[in-house]
Amino acid sequence: MLEKRYDPHIVEEGKYDSWKSKGYFTAGDKSKEPFTIVIPPPNVTGKLHLGHAWDTTIQDIIARYKKAKGYDVLWLPGMDHAGIATQAKVMGKLVENGVDVTKISREEFLSYAWKWKDEYADNIHKQWARMGLALDYTRERFTLDSDLNYSVRTIFVDLYNKGLIYQGERIINWDPVQQTALSNIEVIHQDDEGAMYYFKYHVVDSNEYLIVATTRPETMFGDVCVVVNPKDEQYKKYHGKKVINPANGDILPIIEDDYVEIGFGTGAMKCTPAHDPNDFIIGKKYGFDMPIIFNKNATMNEKCGKYQGLDRYDCREQLVNDIKEKGDLVKIEKIVHQVGHSQRSNCVVEPMLSKQWFVKMKPLADASIKLQKTKEKVNFEPARFEHTFLQWMENCEDWCISRQLWWGHQIPAYYNKKTGEVLVSVNPPKDIENYIEESDVLDTWFSSGLWPFATLHWPEITDDYKRYFPTTCLVTGYDIIFFWVSRMIFQSLNATAKPPFKDVVIHGLVRDELGRKMSKSLGNGVDPIDVIDKYGVDALRYFLTTNSTPGQDMRFIDEKVESSANYLNKIWNSARYVLSVIPEEFKENDLEVKNLSPLDQWIINKLEKTIKDVTCNMEKYDFNAASGHLYNFVYDDFCSNYLEMSKVSLSSDNALKKETTIQVLLKCLKSIILMIYPYTPFIAEELYLNLPSHKESIMLERYPTYEKELINNKVNKEIELLFNIIKDIRNYKIENKIAPNARLDVLLNSKIKLFDDFDIYLSRFSFSNIRYTNESVVNQSGELKVYDDADVLIVNNTNKDELLAKLNKEKAFEQSEIERSSRMLNNPNFVSKAPKDKIELERQKLLTHQQNLQSILEKIKKI
RNA sequence: GGACACUUAGUUCAGCGGGAGAACGCUUCCUUCACACGGAAGAGGUCACAGGUUCGAUCCCUGUAGUGUCCACCA
């Protein structure tokens with residue numbers, strides 16, 4: 001017997017371990033069609049947040065739903081080593097523990113990092129379990145596993161041999177805190193307060209000078225020339241002349257190039273080829289030296305004279321002061337401009353000339369773009385994210401993939417000690433002693449990009465690979481379309497010649513109550529575990545997956561989780577009722593239509609419609625819409641109406657009637673449990689196991705199916721009428737200040753008795769005594785007349801004005817509806833152009849409104 | 001500078017070419033045997049603004065304003 005109140009913690013107890021130990025999460029039933037999802041591997045850097053909870057719950061719903069629909073579902077779990085992020089955290093911890101990190105070796109560091117990984121992986125496992133995720137742990141992967149490393153090396157060598165990976169000296173984004181190169185998308189552009197400094201560049205052997213502006217004066221030590229537009233009249237006289245760099249006295253040529261825009265700034269631009277991507281192009285074009293002026297930690301190097309060793313910002317300040325003293329500072333303008341910050345360390349990134357490994361993007365991007373024009377295309381849900389993806393693909397530049405870190409996949413390149421030649425190979429050369437191994441590791445996203453097939457053992461063509469790849473569906477947030485989704489697509493196309501998945505389901509971000517991003521600095525983060533402790537995991541899951549439209553952000557609102565828990569309590573109690581009316585020895589049978597009362601037929605109709613609507617939206621990954629249909633069925637149709645009315649037939653002496661009612665109740669309940677199950681597996685399992693006949697677990701059940709047109713539609717109208725009469729009587733009581741439980745005499749015309757027990761239902765629901773008569777008590781609106789002889793009405797109605805006002809309001813509404821409807825029907829264009837069913841619908845509406853109006857007029861007359 | 005999204009009840013959000021919906025909050029009433037984490041009834045919205053398409057627009061199109069996000073090398 002169920003407790004009176006749904007207690008999530010009791011319900012959740014033990015279920016996950018039981019599912020897991022019985023192997024329900026393990027894929028491999030070859031009799032079924034496969035359905036594959038790979039989890040977006042969380043970083044082993046910390047706790048999972050609400051965003052993970054959302055993301056994984058969506059996947060769990062899909063996995064459980066598809067399994068119930070009869071698929072062999074593989075939901076493959078795993079974690080990401082998260083190069084920079086993890087290395088930074090581990091280093092931080094080591095420093096905290098007093099370890100001198102400048103002295104430790106790569107090997108020592110890695111052993112610490114692996115320990116860290118084990119600890120956090122354990123943590124993540126616990127959270128997954130708490131969330132109830134149906135993950136196939138037998139196939140769990142880690143991005144640094146040795147077989148994944150083999151995939152990574154294979155891909156690297158393949159791309160290298162195809163000429164799609166190259167080593168080159170280019171301007172990259174340098175993170176001076178982590179001391180590694182970054183890719184373009186790891187740089188976040190923020191509005192920062194800064195200044196534009198205007199300096200005099202004196203012309204050699206002349207009293208004249210040019211004014212050159214810069215936001216980064218410290219880079220002047222790397223200047224090689226000043227550039228002006230050849231057509232710029234004001235600078236024509238300086239063509240071929242030279243100027244003096246006010247920072248260090250270097251003589252710089254004046255170069256003419258139409259890259260410089262006339263009228264922008266001063267029209268004269270300083271050129272620092274080693275520290276600016278545009279200047280780099282110009283420097284290359286004219287064959288200038290490219291002096292690098294920073295050390296790796298962004299202090300000034302030996303090229304900066306007396307400023308050597310200073311931090312870049314200290315240098316800037318001192319340099320500007322020094323130039324000012326010489327009288328060569330024209331002005332300083334405060335500005336707000338976009339400055340690149342490192343995604344991980346948040347420090348200001350320094351563009352720097354550096355030798356790194358790159359992926360040549362154009363051919364890979366083109367292949368991805370081409371794919372989207374074919375039938376094999378990746379289907380984005382919602383579709384607009386395909387544009388986001390394509391746009392990025394069309395414009396992306398070469399991808400810097402080398403990182404000066406230890407934690408990651410080491411690049412499989414070897415430098416010959418004698419010749420310096422580079423050997424790129426999956427396995428180390430046999431004469432390894434003659435080589436120096438590349439110390440750089442790969443960008444984390446390089447290995448993440450192989451996730452859908454590397455986790456299935458590619459390049460080995462295993463049974464799993466053959467069966468589960470390409471995967472079916474990928475769920476992730478729109479914030480990592482560029483980082484991850486796009487890279488999986490082009491990596492997969494290159495490696496396997498297939499797209500990695502059929503569908504990509506994109507969701508938004510979880511925000512706080514005020515719509516702000518959750519962040520550590522704001523301290524507004526919500527720990528999913530706290531929410532689970534408070535309301536239970538099912539309530540959290542239900543909240544997360546039913547409160548936003550696909551692709552849209554969502555606010556976390558505590559009250560909504562609470563209301564989700566209340567909904568589950570409602571289902572719980574409806575189950576409690578149904579179970580309480582089932583006799584000891586009871587056999588579940590298929591329903592026989594001929595035994596069904598009109599009410600039974602009505603609820604079965606509603607149920608069929610609900611299953612259809614829910615299934616349809618589940619297939620579209622629209623879990624909000626799907627849950628809405630179920631919610632309405634549970635509250636309005638099942639609990640408020642059928643369940644209450646079942647009490648009538650259950651109290652009758654007719655055994656068949658009773659039996660049938662129980663069968664119907666049970667069918668509804670079971671369907672509800674099965675439909676809520678993917679959202680809230682714990683409570684669903686608990687209720688399911690309390691059903692009179694059940695399998696070992698709800699995880700072995702099949703999703704409910706619907707049959708079209710099980711029963712004719714006529715009964716629906718009769719039942720609607722019954723509800724309307726009940727509503728009328730309730731309203732009558734309220735309007736007349738009669739207590740809701742006061743027994744009112746209600747007189748009905750005999751012909752209204754639409755089916756057996758009609759009056760009993762009515763009586764029970766309206767707390768009234770129902771009598772029938774053949775006299776003309778029928779008002780013009782229809783079939784009902786409350787026995788409101790004038791005395792009763794007036795005596796009980798304490799506020800006639802209020803009642804009249806209300807009725808007049810209703811009257812006005814009906815009149816306006818009638819007018820609207822008539823106007824439509826009298827419009828020849830509408831009648832000739834609108835679809836037939838719409839016209840018929842409108843006729844029906846007009847009729848209804850006319851009847852309503854009559855009824856209201858009658859009531860008004862009596863006041 | 002580009003791209004995308006959003007603007008609907010007090011709040012948070014759904015929705016839709018043909019009578020504006022939910023949750024929470026609010027008002028009134030009810031402990032009646034599944035549930036007071038409940039029930040019944042109700043108040044509350046020129047669906048941002050302006051044009052256009054259409055027999056008909058909250059919905060489709062164009063533009064405007066506001067908000068937000070992403071992308072972009074402009075000294």
Side-chain angles (χ1 to χ4, degrees), chain A residues 2 4-6 171 184-185 189 196 212-216 226-227 259-261 264-272 276-281 337-338 340 351 382 384-385 387-388 391-392 395-397 478-479 481-482 508-509 513 515 517 535 546-549 551-555 557-560 562-581 624-625 628 631-632 635 639-640 643-644 647 726-727 730-731 733-735 737 739-741 764-765 767 806 813 816-817 820-821 823-824 827-835 838-839 841-842 845 848-849:
Chain A
L2 299 173
K4 183 170 176 182
R5 187 178 154 178
Y6 155 59
I171 299 281
N184 293 345
I185 54 175
H189 296 275
M196 183 73 82
V212 176
T214 179
T215 52
R216 296 189 297 155
V226 169
V227 192
Y259 170 78
V260 174
E261 206 178 306
F264 188 92
T266 65
M269 182 188 91
K270 75 185 205 57
C271 176
T272 323
D276 183 283
N278 300 307
D279 296 6
F280 174 73
I281 293 166
H337 61 149
Q338 290 262 305
R384 71 184 136 93
F385 289 108
H387 301 142
T388 313
Q391 224 166 11
W392 189 74
N395 299 311
C396 65
E397 292 184 16
Y478 60 69
D479 54 328
I481 291 175
F482 302 144
L509 307 175
E513 229 168 350
K517 226 170 165 172
Y535 298 111
T546 62
N547 275 282
S548 75
T549 320
Q552 221 65 32
D553 287 351
M554 172 177 42
R555 296 188 191 196
I557 295 173
D558 196 78
E559 288 78 15
K560 288 201 178 189
E562 188 180 3
S563 92
S564 300
N566 290 348
Y567 172 45
L568 298 180
N569 185 56
K570 186 77 180 174
I571 294 178
W572 178 271
N573 273 291
S574 68
R576 203 160 69 89
Y577 166 77
V578 173
L579 296 173
S580 75
V581 302
N624 182 20
Y631 184 92
N632 290 336
Y635 267 93
C639 291
S640 295
L643 192 144
E644 286 300 328
K647 291 168 187 173
I726 291 164
K727 202 170 181 180
R730 283 173 175 169
N731 272 321
K733 288 186 180 178
I734 286 172
E735 282 159 14
K737 311 269 187 210
N741 57 356
R764 173 144 193 151
F765 272 73
F767 283 92
K806 188 185 148 71
F813 172 75
S816 78
E817 285 301 306
R820 185 192 59 77
S821 211
R823 205 169 44 224
M824 274 172 84
N827 180 345
N829 283 322
F830 174 71
V831 182
S832 61
K833 292 183 182 174
K838 293 282 180 195
I839 298 170
L841 199 69
E842 209 50 46
K845 283 183 194 170
T848 311
H849 288 303

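Residue numbers begin at 1 in each chain, while the letters A, B, ... track the order of the sequences. Model, not experiment: these values are computed from the prediction.
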Base, sugar-phosphate, or nothing: which does [X] touch, judged by heavy atoms less than 4.0 Å apart?
X: C271(A); result: nothing
X: E842(A); result: sugar-phosphate
X: P835(A); result: base
X: K270(A); result: nothing
X: T266(A); result: nothing
X: Y535(A); result: nothing
X: V831(A); result: nothing
X: R820(A); result: sugar-phosphate
X: I185(A); result: nothing
X: M554(A); result: nothing

From C-beta outward on [X], which listed nucleotide comes closest to its side chain: [options]?
X: N827(A); options: C55(B), A34(B), A75(B); value: C55(B)
X: N624(A); options: C73(B), A14(B), G19(B); value: A14(B)
X: F264(A); options: C55(B), A75(B), C35(B); value: A75(B)
X: Y478(A); options: C73(B), U69(B), G38(B); value: U69(B)

Do [X] and [N] share a donor-acceptor pair, side chain to base, under 3.5 Å?
X: N278(A); N: C73(B); value: yes
X: K570(A); N: C35(B); value: yes
X: Q338(A); N: A72(B); value: yes

Short side-chain to backbone donor-acceptor contact, N569(A) and Y6(A), under 3.5 Å: yes

Distance-only polar pair, side chains of Y259(A) and D279(A), donor-acceptor under 3.5 Å: no

Distance between the [atom1] atoms of [N] and [M], in whole angstroms?
N: G1(B); M: G10(B); atom1: P; result: 36 Å
N: A48(B); M: A5(B); atom1: C1'; result: 15 Å
N: A22(B); M: C30(B); atom1: C1'; result: 24 Å
N: G44(B); M: C26(B); atom1: C1'; result: 9 Å

Runs of at least three consecutive pairs that involve RNA chain B, where pairs are Watson-Crick or G-U with distances under 3.5 Å: B:1-7 with B:65-71, B:10-13 with B:21-24, B:26-30 with B:38-42, B:48-52 with B:60-64

Length of the line joining E397(A):CD and A72(B):P, which is rounded to integer Å: 8 Å

Residue whose closest nucleotide on RNA chain B lies nearer the 5' end, T549(A) versus Y259(A): T549(A)

